[in-house]
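Everything below concerns the one structure shown next.
Basis for what follows: all heavy atoms, side chains included, without hydrogens, waters or symmetry-related copies. For the single chain, residues carry numbers from 1 onward in sequence order.
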Amino acid sequence: ALDTQRREAFGYLDALNDAELTRKSRIPIFKEIMGKDEVDIPTYVGALFEYHCNDHAGQIAKIRKAAGLPDAK
């Protein structure tokens with residue numbers, strides 16, 4: 001399901017022109033993470049998949065460990 005969402009998001013991004021891709025938005029949490037709160041769409045989407053999804057994967061790994069299951073490959 002996550003891979004489907006990723007493909008759909010990147011499909012949407014592929015359809016945007018350069019002006020749309022470079023448009024910036026203020027996202028306050030990025031001030032803490034990147035030192036700036038205005039980011040373009042590719043930066044936002046990259047961070048979403050890199051940090052957010054990896055965080056969930058880490059949570060699942062902790063649940064597997066607590067349940068006595070082996071590490072996922």
Show me, pair by pair, the donor-acceptor contacts under 3.5 angstrom made by side chains of residues 56-68, not counting sequence neighbours?
unit_1: His56; atom_1: ND1; unit_2: Gln59; atom_2: OE1; d: 3.0
unit_1: His56; atom_1: NE2; unit_2: His52; atom_2: NE2; d: 3.0
unit_1: Arg64; atom_1: NE; unit_2: Pro70; atom_2: O; d: 3.0
unit_1: Arg64; atom_1: NH2; unit_2: Pro70; atom_2: O; d: 2.8

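The neighbour count for Asp71 CG, taken as heavy atoms of other residues, nucleotides or ligands under 6.0 Å away, does not exceed 12. Within 6.0 Å of the CG atom in Asp55, the count of heavy atoms belonging to other residues, nucleotides or ligands exceeds 12.
For the atom pair Gln5 CD and Leu48 CG, the distance stands at 9.0 Å (nearest 0.5 Å).
Side-chain atoms of Glu20 come within 3.5 Å of backbone N or O of Asn17 as a donor-acceptor pair. A donor-acceptor pair under 3.5 Å is formed between the side chain of Asn54 and the backbone N or O of Glu50.
A 4.5 Å side-chain heavy-atom check between Ile41 and Arg23 finds at least one atom pair inside the cut-off.
Taking each heavy atom of Ile27 and Val39 in turn, the nearest pair found is CD1-CG2, 3.8 Å.
Residues passing the ring-ring contact (aromatic ring centres under 6.0 Å, His included) test with Tyr44, sequence neighbours excluded: none. For Arg7, the salt bridge (charged side-chain N to carboxylate O under 4.0 Å, His left out) criterion is met by Asp3, not counting sequence neighbours.
Between Arg26 and Asp37 there is a salt bridge, since a side-chain N of the basic residue sits under 4.0 Å from a carboxylate O of the acidic one.
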Task: Verdict with reasoning, Val45 to Phe10, per side chain to side chain contact (heavy atoms under 4.5 Å, CB included) - done: CA-CA 9 Å; Val45 172; Phe10 284 99; 4.1 Å; yes
